[in-house]
Engineer: 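Pasting a structure below so you can have a look.
This one's a predicted model, so the numbers in the text were calculated from it and none came from an experiment. Here, residue 1 is the first one in the sequence, and each next residue gets the next number. Atoms considered below: every heavy atom in the structure, side chains included; atoms not considered: hydrogens, waters and symmetry mates.
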Amino acid sequence: MQEIFLGAAISGIVGFILALPAIIFEARPGNKDMPVIVDVKLILGRTLKPREVFVISLLLHLVITTLVGGFYVLFANNGWLFITHAPFAWYSVMIFAVATWIVAGIIIYPLLGMGFFAHRQGKHLWFEMLVTHLLIGLGFWLGVSYYHPFFF
């Protein structure tokens, strides 16, 4: 169980590092949106105020990035990486990142009322999400490779 929390923590830190430019630039008034964080302008049929957009978007980003790492470790520990059978290999993590992008796009965003792959939030958001998930996967793999505790 501790390895799942460690994986979630590493991934959450990666998500926070990826969100730093958005936190710095979007927190200042009058700045353009940063592409790392999906701007949630409408959630469950409710239009959000500009400050709420930033907070909800950041929260959603951090929750998803944290879950990606925790679920990867859960899958790796239980032998559920049926495509690669190579826990913590870079290509295994990247395939998992693409899988989480698909799950987020098909399940999470529609449940939040944002449409498939959050198409109601922007036309090219699917690509932005894919790049972000791949960066999360790369950062997670680098974090695990650097830290590499004995139980991974």
Side-chain angles (χ1 to χ4, degrees), residues 1-23 26 32-48 52-148 151-152:
M1 190 63 143
Q2 73 183 18
E3 57 268 6
I4 293 171
F5 289 124
L6 179 61
I10 290 172
S11 190
I13 290 169
V14 168
F16 180 75
I17 290 169
L18 284 176
L20 276 176
I23 292 169
E26 285 192 26
K32 294 279 188 183
D33 297 332
M34 293 298 292
V36 175
I37 296 178
V38 174
D39 278 337
V40 181
K41 297 176 182 113
L42 180 72
I43 190 164
L44 301 173
R46 181 179 177 268
T47 302
L48 301 175
E52 293 173 329
V53 168
F54 177 68
V55 171
I56 297 294
S57 299
L58 181 61
L59 180 65
L60 183 63
H61 172 78
L62 293 175
V63 166
I64 288 175
T65 56
T66 302
L67 289 175
V68 166
F71 276 111
Y72 182 83
V73 174
L74 178 69
F75 275 57
N77 286 350
N78 290 305
W80 296 340
L81 300 173
F82 57 89
I83 294 174
T84 62
H85 299 292
F88 303 103
W90 70 270
Y91 56 90
S92 176
V93 174
M94 297 312 266
I95 289 171
F96 191 80
V98 170
T100 60
W101 168 69
I102 292 169
V103 168
I106 293 176
I107 297 172
I108 294 173
Y109 290 117
L111 284 175
L112 294 173
M114 298 167 60
F116 289 105
F117 293 95
H119 76 277
R120 292 184 187 150
Q121 305 297 319
K123 191 165 146 183
H124 302 290
L125 202 56
W126 67 270
F127 184 70
E128 184 180 315
M129 288 172 36
L130 176 61
V131 170
T132 301
H133 277 258
L134 291 173
L135 287 173
I136 291 165
L138 177 64
F140 176 74
W141 176 74
L142 289 171
V144 168
S145 297
Y146 174 77
Y147 186 66
H148 208 281
F151 47 81
F152 271 179

Engineer: Taking it one step at a time, do Val73 and Phe140 satisfy side-chain contact (heavy atoms from CB on, under 4.5 Å)?
Structural biologist: CA-CA 11 Å; Val73 174; Phe140 176 74; 4.1 Å; yes
Engineer: With side chains defined as the heavy atoms from C-beta onward, is the minimum distance between Phe16 and Thr65 less than 4.5 Å?
Structural biologist: no
Engineer: Does a side-chain heavy-atom distance below 4.5 Å link Val55 with Glu52?
Structural biologist: no
Engineer: Are the side chains of Trp126 and His119 in touch, meaning some heavy atoms are under 4.5 Å apart?
Structural biologist: no
Engineer: To the nearest 0.5 Å, what is the distance between NE2 on His61 and CD1 on Ile136?
Structural biologist: 5.5 Å
Engineer: Could you tell me whether the side chain of Ser11 and the main chain of Gly7 form a donor-acceptor pair under 3.5 Å?
Structural biologist: no
Engineer: Show me the donor-acceptor pairs within less than 3.5 Å that the side chains of residues 87-98 make with the rest of the protein, sequence neighbours left out.
Structural biologist:
unit_1	atom_1	unit_2	atom_2	d
Ser92	OG	Tyr72	OH	2.9
Ser92	OG	Thr84	OG1	3.1
Ser92	OG	Ala86	O	3.2

Engineer: Using every non-hydrogen atom in the two residues, find where Met129 and Ala118 come nearest and quote the distance to one decimal.
Structural biologist: SD-CB, 4.3 Å
Engineer: So, for Thr132 and Leu18, which heavy atoms are closest and what is the spacing to 0.1 Å?
Structural biologist: O-CD1, 4.3 Å
Engineer: Starting at CG of Leu130, measure out to CG of Leu135 and round the result to the nearest 0.5 Å.
Structural biologist: 9.5 Å
Engineer: To the nearest 0.5 Å, what is the distance between CD1 (Ile108) and CG (Leu60)?
Structural biologist: 7.5 Å
Engineer: Between atom CG of Leu125 and atom CD of Glu128, what is the distance when rounded to the nearest 0.5 Å?
Structural biologist: 5.0 Å
Engineer: Taking all non-hydrogen atoms of both residues into account, name the closest pair between Gly105 and Pro110 and its distance.
Structural biologist: O-CD, 3.4 Å
Engineer: Once rounded to the nearest 0.5 Å, what's the spacing between atom CD1 of Ile64 and atom CG of Leu59?
Structural biologist: 9.5 Å
Engineer: Got a second to check how far Leu62's CG is from Leu67's CG, nearest 0.5 Å?
Structural biologist: 11.0 Å
Engineer: A side-chain contact here means heavy atoms from C-beta on lying under 4.5 Å apart; do Phe71 and Thr100 qualify?
Structural biologist: no
Engineer: For His124, does the NE2 atom have more than 12 heavy-atom neighbours from other residues, nucleotides or ligands under 6.0 Å away?
Structural biologist: no
Engineer: Any idea how Phe117 and Trp101 line up, ring-wise: parallel (<30°), tilted (30 to 60°), or perpendicular (>60°)?
Structural biologist: tilted
